[in-house]
Amino acid sequence: MVSAGLEILGLSLCVIGSLLVMVACGLPMWKVTAFIEANIVVAQTMWDGLWMSCVVQSTGQMQCKVHDSILALSHDLQAARALTIISSVMGVLGLMVVIAGAQCTNCIRTEYVKARVVNAGGIIYIISGLFVLVPLCWMANNIISDFYNPQVPSSKKREIGAALYIGWAAAALLLIGGTLLCCSCPSSGNSGYSVKYAPTKRASQNGDYDKRNYV
């Protein structure tokens with residue numbers, strides 16, 4: 001019962017984490033305009049994402065443009081694209097693996113093998129969380145370095161956007177959920193109940209049963 005509860009809780013956290021990874025991957029708010037010095041009062045805000053850049057006017061109107069060239073992007077954006085996509089694919093793969101080995105399904109009959117499959121799904125989710133955590137930390141480090149770099153103009157300085165915070169939350173859920181799935185220890189091949197059989201009653205030489213059988 002405890003193992004089944006860990007599976008459900010771990011799988012729920014991992015599914016939510018995978019969905020948040022997909023949301024963070026599609027959001028354009030990875031880098032946002034830093035309101036400092038001459039940029040304190042501006043009529044527009046710049047959003048930079050993995051797939052597009054958006055300009056939000058003070059009136060609320062927003063215009064977005066897809067990145068023209070992949071090779072023209074910075075290395076952190078290129079790595080973030082690849083790793084977030086891989087993380088999303090691994091999230092779907094991990095879901096299929098965990099469902100195949102879950103105790104509430106009959107895809108696999110052997111209990112020991114089912115537990116091993118769930119553990120494998122937990123490892124997949126942990127790797128998925130690490131894959132999405134690397135580009136998030138890399139990009140955040142670049143944003144902070146450029147922000148405090150005096151050689152970078154104020155108009156080009158950026159701050160950490162909402163997509164990074166969503167990605168960090170997704171990575172935490174994936175790591176915690178994957179760990180819970182790995183903690184569901186495989187049950188042994190023997191069942192918890194031992195069956196004891198009474199010894200066979202042997203007949204005496206004269207054909208009658210021994211009186212000791214009735215004691």
For [X], side chain to side chain contact (heavy atoms under 4.5 Å, CB included) partners two or more places apart:
| X | value |
| --- | --- |
| Met62 | Trp47, Cys54, Val56, Cys64 |
| Val134 | Leu83 |
| Thr110 | Tyr112, Val113 |

So do the side chains of [X] and [Y] get within less than 4.5 Å of each other, counting heavy atoms only?
| X | Y | value |
| --- | --- | --- |
| Thr179 | Tyr125 | no |
| Leu27 | Leu50 | no |
| Leu175 | Leu130 | yes |
| Met46 | Val55 | yes |
| Leu133 | Trp168 | yes |

What's the spacing between [X] [atom1] and [Y] [atom2] if we round to 0.5 Å?
| X | Y | atom1 | atom2 | answer |
| --- | --- | --- | --- | --- |
| Met29 | Asp48 | CE | CG | 12.0 Å |
| Ile99 | Glu7 | CD1 | CD | 11.5 Å |
| Leu95 | Leu11 | CG | CG | 6.0 Å |
| Arg158 | Thr33 | CZ | OG1 | 4.5 Å |
| Cys183 | Leu9 | SG | CG | 11.0 Å |
| Cys182 | Leu6 | SG | CG | 11.5 Å |

Sequence-distant partners of Arg81, salt bridge (charged side-chain N to carboxylate O under 4.0 Å, His left out), two or more places apart: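 So Arg81 forms no salt bridge (charged side-chain N to carboxylate O under 4.0 Å, His left out) with any residue.
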Grouping I, L, V, M, F, W and Y whenever their side-chain heavy atoms are under 4.5 Å apart, do [X] and [Y] come out in a common cluster?
| X | Y | answer |
| --- | --- | --- |
| Val132 | Trp51 | yes |
| Tyr165 | Leu77 | yes |
| Val97 | Ile86 | yes |

Non-hydrogen atoms of [X] and [Y] that approach each other most closely:
| X | Y | answer |
| --- | --- | --- |
| Leu174 | Ser128 | CD1-OG, 3.7 Å |
| Ala80 | Trp30 | CB-CZ3, 4.2 Å |
| Val118 | Gly101 | CG2-O, 3.1 Å |
| Lys114 | Ala102 | NZ-O, 2.6 Å |

Would you mind writing out the side-chain donor-acceptor pairs for residues 135-153 within the sub-3.5 Å range, not counting sequence neighbours?
| unit_1 | atom_1 | unit_2 | atom_2 | d |
| --- | --- | --- | --- | --- |
| Asn142 | ND2 | Asp76 | OD2 | 3.2 |
| Ser145 | OG | Asn141 | O | 2.8 |
| Asn149 | OD1 | Gln151 | N | 3.1 |

Report all side-chain donor-acceptor pairs from residues 16-25 shorter than 3.5 Å, counting only partners two or more places apart or in another chain.
| unit_1 | atom_1 | unit_2 | atom_2 | d |
| --- | --- | --- | --- | --- |
| Ser18 | OG | Cys14 | O | 3.0 |

